[in-house]
Amino acid sequence: MSVLPLVFTSGWASGINAYAVVLLLGLLGATGVSEDVPAALQRPDVLILAGVLFVVEAIADKVPYVDSVWDAVHTVIRPVAGGVVAALLAGHDGSLPELAAGAVGGSTALLSHLVKAGTRIAVNTSPEPASNIVLSLVEDLGVAAIIAFAVFHPVAAAVLAGALLAAGLTLVIVLWSRIRRFLRRRRQRRAEKRPAAAGSAVPPAG
């Protein structure tokens with residue numbers, strides 16, 4: 001069977017939490033649960049680094065506004081990680097050209113990352129932090145469950161990931177007006193702070 005379904009699913013998951021994808025796939029391979037995981041993801045240094053970064057992301061991802069900053073930083077990292085993981089999977093399997101796999105994994109990761117980032121901006125318009133924590137936990141558990149499912153049932157997992165991606169894109173479109181209002185208010189607050197800061201910097205006369 002072609003590795004394409006697993007490539008698509010890993011790309012979708014990487015756009016949400018790339019470190020969880022690398023860590024989970026590496027552990028599944030290193031423990032002998034799956035033979036479909038390339039050796040590069042099973043290396044101890046890769047697993048340790050992915051584990052440390054996963055913990056950092058698990059904390060940052062649950063703090064309002066910090067999560068959006070973290071998402072902005074990872075706009076490049078997640079798609080690149082999705083492309084690299086996809087290329088490694090294709091190289092290990094041999095049923096799909098690595099360049100094509102990297103393009104599928106990277107573009108899918110970019111789309112799911114945009115869904116995640118857009119949803120978080122909308123959630124951050126709410127003053128309470130509980131929604132961030134709940135959403136982050138759902139994302140982490142969802143990524144873990146779908147990646148584990150994809151190792152054994154790649155086609156079914158890819159269909160599920162595709163449905164979730166389509167639903168996420170639809171949700172972001174629906175919430176876009178709320179996101180634009182949030183961004184507009186933030187720009188206004190920044191514009192109001194600049195004259196105040198300039199006024200405080202002027203020394204008193206006399």
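FYI, side chains are in, hydrogens and waters are out, and symmetry mates aren't considered; it's all heavy atoms of this structure. All figures in this text were calculated on a predicted structure; none of them were measured in a lab.
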Do [X] and [Y] have side chains that approach each other closer than 4.5 Å (heavy atoms only, starting at C-beta)?
{"X": "Val21", "Y": "Val143", "value": "yes"}
{"X": "Asp140", "Y": "Lys62", "value": "yes"}
{"X": "Lys116", "Y": "Asp61", "value": "yes"}
{"X": "Phe54", "Y": "Leu24", "value": "no"}
{"X": "Leu164", "Y": "Ile146", "value": "yes"}
{"X": "Glu139", "Y": "Arg120", "value": "yes"}
{"X": "Val172", "Y": "Leu114", "value": "no"}
{"X": "Val151", "Y": "Leu25", "value": "yes"}

Can you tell me how far [atom2] of [Y] sits from [atom1] of [X], rounded to the nearest 0.5 angstrom?
{"X": "Ser136", "Y": "Ile59", "atom1": "OG", "atom2": "CD1", "result": "10.5 Å"}
{"X": "Leu96", "Y": "Leu89", "atom1": "CG", "atom2": "CG", "result": "10.0 Å"}
{"X": "His74", "Y": "Asn17", "atom1": "NE2", "atom2": "CG", "result": "8.5 Å"}
{"X": "Leu27", "Y": "Gln42", "atom1": "CG", "atom2": "CD", "result": "9.5 Å"}

[X] with [Y], same ILVMFWY side-chain cluster at under 4.5 Å:
{"X": "Val76", "Y": "Val73", "answer": "no"}
{"X": "Val55", "Y": "Ile48", "answer": "no"}
{"X": "Val37", "Y": "Leu88", "answer": "yes"}
{"X": "Phe152", "Y": "Leu6", "answer": "yes"}

Where [X] and [Y] come nearest, the two heavy atoms and their spacing:
{"X": "Ser10", "Y": "Ile147", "result": "CA-CD1, 4.0 Å"}
{"X": "Val7", "Y": "Ala101", "result": "CG1-O, 3.5 Å"}
{"X": "Pro97", "Y": "Ala90", "result": "O-CB, 4.2 Å"}
{"X": "Asp71", "Y": "His113", "result": "O-CE1, 3.0 Å"}
{"X": "Ala81", "Y": "Ala18", "result": "CB-CB, 3.7 Å"}
{"X": "Asn132", "Y": "Val123", "result": "OD1-CG1, 3.7 Å"}

Test side-chain contact (heavy atoms from CB on, under 4.5 Å) applied to Val22 and Val85, step by step: CA-CA 8 Å; Val22 173; Val85 170; 4.0 Å; yes
Please lay out, stage by stage, how Val115 and Trp12 fare under the test side-chain contact (heavy atoms from CB on, under 4.5 Å). CA-CA 10 Å; Val115 169; Trp12 171 83; over 6 Å; no
Is it the case that atom CG in Leu137 sees more than 12 heavy atoms from other parts of the structure closer than 6.0 Å? yes
Could you give me the CA-CA distance, side-chain angles and deciding distance for Val56 and Trp70, then say whether side-chain contact (heavy atoms from CB on, under 4.5 Å) is met? CA-CA 10 Å; Val56 174; Trp70 185 265; 3.5 Å; yes
Using modelled atom types only, decide if a donor and an acceptor are shared between the side chain of [X] and the backbone of [Y] within a distance under 3.5 Å.
{"X": "Thr9", "Y": "Pro5", "result": "yes"}
{"X": "Thr75", "Y": "Ala72", "result": "yes"}
{"X": "His153", "Y": "Phe149", "result": "no"}

